[in-house]
Amino acid sequence: MAPQTRRMTFPNVVIERDTDSEPSSSDEEEEEEEVEEEEEKVVENKNEERMEEPLEAKKKGKTPITISLKKVCKVCKKVGHEAGFKGATYIDCPMKPCFLCKMPGHTTMACPHRVATEHGVIPAPRRNTRNPLEYVFERQFRPGVLRIKPAFVIPDEVTCAVIRYHSRRITCLEFHPTSNNVLLSGDKKGQVGVWDFGKVHEKMVYGHIHSCIVNNMRFNPTNDDSVYAASSDGTISCTDLETGISLSLMNLNPDGWQGPSSWRMLYGMDINSEKSLVLVADNFGFLYMVDTRSNNKIGEAILIHKKGSKVVGLHCNPVQPELLLSCGNDHFARIWDLRRMEAGSSLYDLAHKRVVNSAYFSPLSGSKILTTSQDNRLRIWDSIFGDLDSPSREIVHSHDFNRHLTPFKAEWDPKDPSESLVVIGRYISENYNGAALHPIDFIDISTGQLVAEVMDPNITTITPVNKLHPRDDVLASGSSRSLFIWRPKKSELVEQKVERKIVICDRAEKKQSRKYGNKSDDSDDDKFTSKGKKLKSNKPEWKLTRCSGKVKR
DNA sequence: AGACAATGACTCC
DNA sequence: TGGAGTCCCTTGTC
């Protein structure tokens with residue numbers, strides 16, 4: 001029989017069979033299985049390039065097989081090691097820099113940042129050591145911010161409601177400004193979902209507003225029922241959530257598709273309520289302003305980032321809305337004064353090593369800056385009045401770029417009076433009782449400490465989109481096409497007033513049989529597909545999962 | 001179970 | 001400046 005080669009991903013496997021001894025069974029499938037077994041043996045048997053069929057196999061009367069193979073790493077293509085999942089644990093390629101901190105010389109498993117997120121982080125100073133002028137400014141600017149940080153209130157257990165009505169991955173989330181149980185979600189296809197998670201079945205999906213990625217949404221500050229959205233189709237929409245009627249404020253591609261070099265996409269967006277402006281930025285580095293009263297574009301587009309680079313984030317300072325923060329693919333976050341907007345006139349340029357996925361002023365005082373960069377670092381500037389040449393702190397955290405994932409963005413907890421609690425999804429998985437899970441991390445940005453990891457053993461996908469509720473103890477997450485609402489189990493919040501690290505994962509055993517879980521199990525997930533293929537009318541379109549917690553000190 | 005596709009940052013030339 | 005090639009702990013579908 002001719003030599004067989006198997007799977008392209010398993011290179012250099014050559015099986016030679018002696019021609020004078022026919023197999024006892026000629027069944028192709030059985031042969032295949034035998035070969036599989038032999039491969040396993042060889043792989044386990046150290047690293048030999050060529051080896052003979054073990055003697056016992058010959059004794060058993062099996063066909064003598066000679067196998068030549070090498071252990072080849074799928075990452076660096078070198079022999080002698082293999083990268084990839086071993087059960088629920090990912091083994092790094094030792095030839096590559098650490099997947100977490102990006103430094104050479106160690107793997108993710110041995111990375112000091114993996115063991116302790118605060119590794120190498122210098123905590124924020126307790127006393128104000130800046131000069132008197134800055135102090136006066138700061139007192140005016142941040143009246144409500146507590147000097148002494150209260151302990152975080154983190155539950156031991158949470159419940160998680162899951163719903164799936166998006167047909168493409170979720171790209172952005174927004175809580176309704178006044179209706180506590182309403183969550184808006186945008187997806188890659190351009191659909192906008194409105195979910196009343198207080199009433200299970202109350203959901204609405206608007207599919208006609210945009211034709212591709214919804215990159216950012218903001219509620220109209222003067223009308224709770226209308227929401228603005230910026231999309232890669234090059235338009236800004238304003239949608240009335242009651243009627244579903246949507247109007248387009250601006251269209252950057254009036255002549256339709258003329259090729260990728262001219263197609264403009266809108267990414268960053270924010271609203272300046274003082275000036276009644278919608279600010280948007282495109283994939284070529286330009287900022288546009290639209291008056292929300294007349295729906296007219298104001299002035300010409302202004303180049304605010306490197307020409308031809310994507311501007312992914314815009315944020316107006318919550319206290320001083322004339323201050324604008326932008327960030328983008330040119331590796332910079334920039335601070336601007338809206339009263340003097342012209343190319344090159346930024347007040348500060350905050351340098352990063354890679355693309356900056358998000359840059360936000362702190363939600364209460366507006367005096368801190370938090371950025372998420374694709375170099376796996378969160379950067380914090382403690383005061384916009386202080387030294388902005390370098391960040392006050394860099395926290396190594398796994399939130400790499402992957403083209404198939406919505407970019408990760410660290411989000412402030414708008415309820416934290418000390419402006420130090422931040423939520424962000426984690427890219428790399430951890431082996432939790434045999435399941436590879438990607439938790440949602442709560443990080444104290446004043447120390448770099450991981451305060452809590454939130455996870456559900458049923459949720460095996462990465463959760464890059466997260467938003468904390470402005471008033472309630474609610475976390476909304478977008479993971480692939482699913483939406484989650486996490487809430488603490490009632491009765492627990494009062495008891496737990498200590499700062500601690502919590503792991504919510506004690507049901508992970510359930511997934512032990514699974515190699516590593518990206519595919520849905522026998523759960524109800526499939527019933528929620530947009531195509532409605534497996535949708536059964538008598539089944540609810542959501543599920544509540546209880547996750548009991550375990551405290552790790 | 002495996003193949004495949006969707007598709008973005010980055011480097012090199 | 002742009003095109004080709006590479007990166008290589010995704011996710012869902014067929």
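Each chain gets a letter, A, B and so on, in the order the sequences are listed, and its residues count up from 1.
Protein atom CD1 of A:Ile459 is 18 Å distant from nucleotide atom P of C:dT10, rounded to whole Å. Residue A:Ile170 contributes atom CD1, which lies 19 Å from atom P of C:dT10 at whole-angstrom precision. Taking atom NZ of A:Lys74 as the reference point, atom P of B:dG2 lies 13 Å away to the nearest angstrom. At whole-Å resolution of the value, CD1 in A:Ile428 and P in C:dT10 are 12 Å apart. Rounded to whole angstrom, the span from the CZ atom of A:Arg169 across to the C1' atom of B:dG8 amounts to 9 Å. Between the P atom of B:dT7 and the CE atom of A:Met265 lies a distance of 11 Å, rounded to the nearest Å. Remark: P of B:dA9 and CG of A:Asn357 are 9 Å apart, rounded to the nearest angstrom. Summarising the geometry, the separation between NZ on A:Lys102 and P on C:dC8 is reported as 8 Å, rounded to the nearest angstrom.
A cation-pi arrangement is present between A:Lys102 and A:Phe99 under the rule of less than 6.0 angstrom and at most 45 degrees off the ring axis.
Mapping A:Val355 and A:Lys188 onto DNA chain B by nearest heavy atom places A:Lys188 at the nucleotide closer to the 5' end. Summary of the strand contacts: A:Ser479 and A:Cys76 both lie near DNA chain C, and taking for each the nucleotide with the nearest heavy atom, the more 5' one is attributed to A:Cys76.
Contact between the side-chain N/O atoms of A:Arg354 and the OP1/OP2 oxygens of B:dC10 is found at a separation under 4.0 Å. A close approach under 4.0 Å does not occur between any side-chain nitrogen or oxygen of A:Lys307 and OP1 or OP2 of C:dT1. Under 4.0 angstrom from either OP1 or OP2 of C:dC8 there lies at least one side-chain N or O belonging to A:Lys96. For A:Arg168, no side-chain nitrogen or oxygen approaches OP1 or OP2 of B:dT7 to under 4.0 Å. Close to C:dG12, at under 4.0 Å from its OP1 or OP2, lies a side-chain N or O of A:Ser480. Listed pair A:His331 / B:dC10 meets the phosphate criterion, a side-chain N or O lying under 4.0 Å from OP1 or OP2. OP1 or OP2 of C:dC9 has not a single side-chain nitrogen or oxygen of A:Lys86 nearer than 4.0 Å.
Using a 4.0 Å heavy-atom criterion, one finds that A:Ser429 contacts the bases of the nucleic acid, with or without backbone contacts as well.
Two residues are said to be in side-chain contact when any heavy atoms from C-beta on lie closer than 4.5 Å; A:Phe401 and A:Arg354 fail this criterion. When side chains are defined from C-beta on, A:Arg481 counts as touching A:Arg168, because their heavy atoms get closer than 4.5 Å.
Using modelled atom types, one finds no donor on one side chain facing an acceptor on the other under 3.5 Å when comparing A:Asn251 with A:Ser248. Defined by atom type and a distance below 3.5 Å, a donor-acceptor pair is missing between the side-chain atoms of A:Thr171 and A:Thr406. Judged by distance alone, the side chains of A:Ser479 and A:Thr461 do bring a donor and an acceptor atom under 3.5 Å apart.
For an aromatic pair to be called close, the ring centres must be under 6.0 Å apart, and A:His305 with A:Trp336 fails this.
Other residues, nucleotides and ligands contribute more than 12 heavy atoms inside 6.0 Å of the CE atom of A:Met109.
Within residues 398-406 of chain A, the residues that place at least one heavy atom under 4.0 Å from DNA chain C are, in residue-number order, A:Asn402, A:Arg403, A:His404, A:Leu405.
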